[in-house]
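Sequence lines set the chain letters: A, B, ... in the order given, protein chains first and strands last, and positions in each chain run from 1. Note that the coordinates shown come from a computational prediction; the quantities given were computed from them, not determined experimentally.
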There are 2 protein chains.
Amino acid sequence: MKIGELARQTGLTTSKIRFYERIGLLKTVDRRPNGYRTYPPQAALILGLITTAQRAGFTLDEIRTLLPSDLQRWDHDALMNALTRKIADIEALQARLAQSKAHLLHLIADIQARPDNMDCAANARRVLTNVLTEPPENLDVTPDDVRLLDRTDRRLSVSRGRSKKALSP
Amino acid sequence: MKIGELARQTGLTTSKIRFYERIGLLKTVDRRPNGYRTYPPQAALILGLITTAQRAGFTLDEIRTLLPSDLQRWDHDALMNALTRKIADIEALQARLAQSKAHLLHLIADIQARPDNMDCAANARRVLTNVLTEPPENLDVTPDDVRLLDRTDRRLSVSRGRSKKALSP
DNA sequence: CTTGACCTTGAAGCTACCTTTAACGTTAGG
DNA sequence: CCTAACGTTAAAGGTAGCTTCAAGGTCAAG
């Protein structure tokens with residue numbers, strides 16, 4: 001299978017597939033005499049796995065270390081470890097988001113709770129003081145928690161990059 | 001107040017403060033005859049606001065358009081709009097995270113549910129098929145939802161960039 | 001023989017948010 | 001007067017995950 005065909009099958013762009021190869025993520029690729037890449041049918045499967053793992057919050061780096069060269073032979077322990085850690089990361093993020101959300105809701109309520117006898121400027125001062133004197137949100141998030149987020153978002157931004165400008169035909 | 005003093009008060013680095021000025025986020029700055037920046041006490045307050053807003057998931061760009069030059073005179077409607085939208089973004093992300101988490105838990109269960117009479121390779125094949133045939137996770141997340149995440153993570157990654165290499169003294 | 005669809009490469013660009021570096025001027029204290 | 005700590009600038013670098021570009025080569029159909 002040539003790269004364009006693989007791209008169609010997986011829904012990925014050819015540039016993405018080549019990129020994965022460059023960073024050592026996709027190794028099941030051969031060359032025809034003319035230099036063209038050629039893939040076994042299995043490649044589509046692997047790319048599907050990569051995409052799925054990415055959506056679950058794994059970095060390409062993590063995926064690379066977890067993906068066995070032979071799909072039948074996984075490092076069971078490493079995989080389970082990674083899955084468990086990833087879940088913990090997600091939970092930490094969920095806690096953060098809940099906090100942020102609560103914070104914003106509180107702020108909205110605070111703004112709308114302007115006493116009738118108070119003018120806008122004074123209300124602004126009042127709200128401002130509240131915002132800045134709230135406790136510093138002790139979230140206890142470790143650098144490791146953070147890493148997921150860095151991934152998660154990017155994972156989600158599948159729809160980006162496409163939005164820039166439509167191909168001018 | 002000079003920039004070092006302001007940095008100490010806010011807990012930000014001087015480079016960050018200068019950066020904020022460069023991108024037009026912090027305008028309350030004057031110069032002494034020697035070229036040094038000098039700030040009114042209010043500046044610390046504004047930086048506090050910026051940091052808080054960032055933690056809540058706003059981009060510096062968003063913050064810039066929302067921050068009034070006079071802290072007493074906010075654009076009430078724009079602010080409320082932004083807050084409301086940001087909450088919606090957070091909710092979308094929460095939904096995604098819940099999905100990812102469920103997905104991972106399911107995967108773990110699936111791996112552990114290997115029938116006694118099945119060998120590892122066969123189990124790997126079985127799980128693999130399950131993973132890849134699950135529905136494509138119809139999440140209906142808009143590009144706008146995505147933007148928050150891009151922010152949220154970075155907001156969280158305060159602890160990064162420091163990790164590279166300690167200053168060699 | 002030409003057209004168009006496909007393939008190749010390395011390098012540069014993009015995003016958002018900073019930090020780092022180099023090369024230099026200022027100021028307070030001993 | 002020297003030194004250490006502070007201040008200044010513009011420009012480049014770093015992250016993660018790609019895309020885009022320039023400048024080609026290959027191939028099948030008409």
Side-chain angles (χ1 to χ4, degrees), chain A residues 1-8 12-26 29 31-39 50-51 53-55 57-64 143 146-165 167-169, chain B residues 1-8 12-26 29 31-39 50-51 53-55 57-64 143 146-168:
Chain A
M1 184 182 1
K2 287 189 289 180
I3 197 171
E5 165 78 359
L6 181 60
R8 249 166 276 125
L12 303 179
T13 58
T14 58
S15 67
K16 195 174 283 198
I17 296 174
R18 279 190 278 250
F19 172 70
Y20 287 166
E21 179 185 344
R22 228 178 34 241
I23 66 173
L25 197 48
L26 184 60
V29 51
R31 296 295 183 135
R32 297 191 184 169
N34 61 12
Y36 286 16
R37 289 171 178 81
T38 181
Y39 301 88
I50 293 175
T51 309
Q54 263 195 305
R55 275 209 309 258
F58 289 89
T59 68
L60 297 184
D61 241 43
E62 289 170 320
I63 297 173
R64 179 174 43 215
V146 157
R147 232 153 273 152
L148 166 64
L149 311 183
D150 249 7
R151 319 289 124 257
T152 301
D153 74 323
R154 246 171 276 283
R155 213 72 32 267
L156 307 175
S157 56
V158 174
S159 49
R160 283 226 317 247
R162 216 175 306 313
S163 57
K164 215 60 219 231
K165 44 183 172 183
L167 318 157
S168 50
Chain B
M1 182 177 12
K2 287 190 289 181
I3 196 170
E5 164 78 358
L6 181 60
R8 251 166 274 124
L12 304 178
T13 58
T14 57
S15 66
K16 197 176 281 197
I17 296 175
R18 279 190 276 249
F19 173 69
Y20 285 168
E21 178 185 344
R22 226 179 35 243
I23 65 172
L25 197 47
L26 184 60
V29 50
R31 296 294 183 136
R32 295 191 186 170
N34 61 9
Y36 285 16
R37 289 171 178 80
T38 182
Y39 302 89
I50 292 175
T51 309
Q54 264 195 304
R55 276 209 308 259
F58 289 89
T59 68
L60 297 184
D61 241 43
E62 290 170 321
I63 297 173
R64 178 174 44 215
V146 158
R147 234 154 270 153
L148 167 64
L149 311 184
D150 250 5
R151 319 291 125 256
T152 301
D153 74 324
R154 247 171 275 283
R155 212 74 31 267
L156 307 175
S157 57
V158 176
S159 50
R160 283 226 318 247
R162 216 176 305 313
S163 58
K164 214 60 217 231
K165 46 182 170 184
L167 317 160
S168 50

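- Residue R31(B) is in sugar-phosphate contact alone, with no base atom involved, counting any heavy-atom pair closer than 4.0 Å across all strands shown.
- Following rounding to the nearest Å, R22(A) (CZ) and dT8(C) (C1') show an atom-to-atom distance of 13 Å.
- Between the P atom of dT19(C) and the CG atom of L12(B) lies a distance of 9 Å, rounded to the nearest Å.
- Taking all atoms of both residues into account, the shortest heavy-atom contact from A7(B) to T13(B) is CB-C, 4.3 Å.
- The nearest whole Å value for the distance from the CG atom in L25(B) to the P atom in dA16(C) is 14 Å.
- Between R37(B) and dT9(D) there is a side-chain N or O to OP1 or OP2 distance below 4.0 Å.
- No side-chain heavy atom of Y20(A) sits under 4.5 Å from any side-chain heavy atom of I63(A).
- Between K2(A) and dC7(C) there is no side-chain polar atom (N or O) within less than 4.0 angstrom of OP1 or OP2.
- Map N34(A) and F19(B) each onto its nearest nucleotide of DNA chain C; the residue landing nearer the 5' end is N34(A).
- For T59(B), no side-chain nitrogen or oxygen approaches OP1 or OP2 of dC17(C) to under 4.0 Å.
- Within the model, atoms CD of E5(A) and CD1 of I3(A) stand 12.0 Å from one another, a figure rounded to the nearest 0.5 Å.
- Between T14(A) and dC7(C) there is no side-chain N or O to OP1 or OP2 distance below 4.0 Å.
- Within 4.0 Å (heavy atoms only), R18(B) reaches at least one base atom of the nucleic acid.
- Looking at E21(B) and R18(B), no side-chain N of the basic residue comes within less than 4.0 Å of a carboxylate O on the acidic one, giving no salt bridge.
- Proximity of K2(A) to R37(A): side-chain heavy atoms (C-beta onward) are nowhere separated by under 4.5 Å.
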Which pairs, protein N/O on one side and nucleotides 23-25 of chain C N/O on the other, fall under 3.5 Å?
from: dG25(C); atom 1: N2; to: Y36(B); atom 2: OH; distance (Å): 2.8

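- Spacing between atom CD1 of I17(B) and atom C1' of dT19(C) amounts to 14 Å, rounded to whole angstrom units.
- Dashed line: the shortest gap from a side-chain N or O of R64(A) to OP1 or OP2 of dA16(D) is not under 4.0 Å.
- If you take CD of E62(A) and P of dA16(D), they are 11 Å apart, rounded to a whole angstrom.
- Considering every non-hydrogen atom in both R31(B) and T38(B), the closest pair reads N-CG2, 4.1 Å.
- The distance from atom CZ of R64(B) to atom CD1 of I50(B), rounded to the nearest 0.5 Å, is 10.5 Å.
- We find that CD1 of I23(B) is positioned 18 Å from P of dA11(D), with the value rounded to whole Å.
- Distance CG (L6(A)) to C1' (dC6(C)): 15 Å, rounded to an integer number of Å.
- Note on I3(B): only backbone sugar-phosphate atoms sit closer than 4.0 angstrom, heavy atoms only; bases stay farther off.
- Side-chain N/O atoms of Y20(A) include one lying less than 4.0 angstrom from OP1 or OP2 on dC18(D).
- A side chain to side chain contact (heavy atoms under 4.5 Å, CB included) with F19(B) is found for one member of T14(B), L60(B), L12(B) and no other, namely L60(B).
- Remark: P of dC6(C) and CE of M1(A) are 16 Å apart, rounded to the nearest angstrom.
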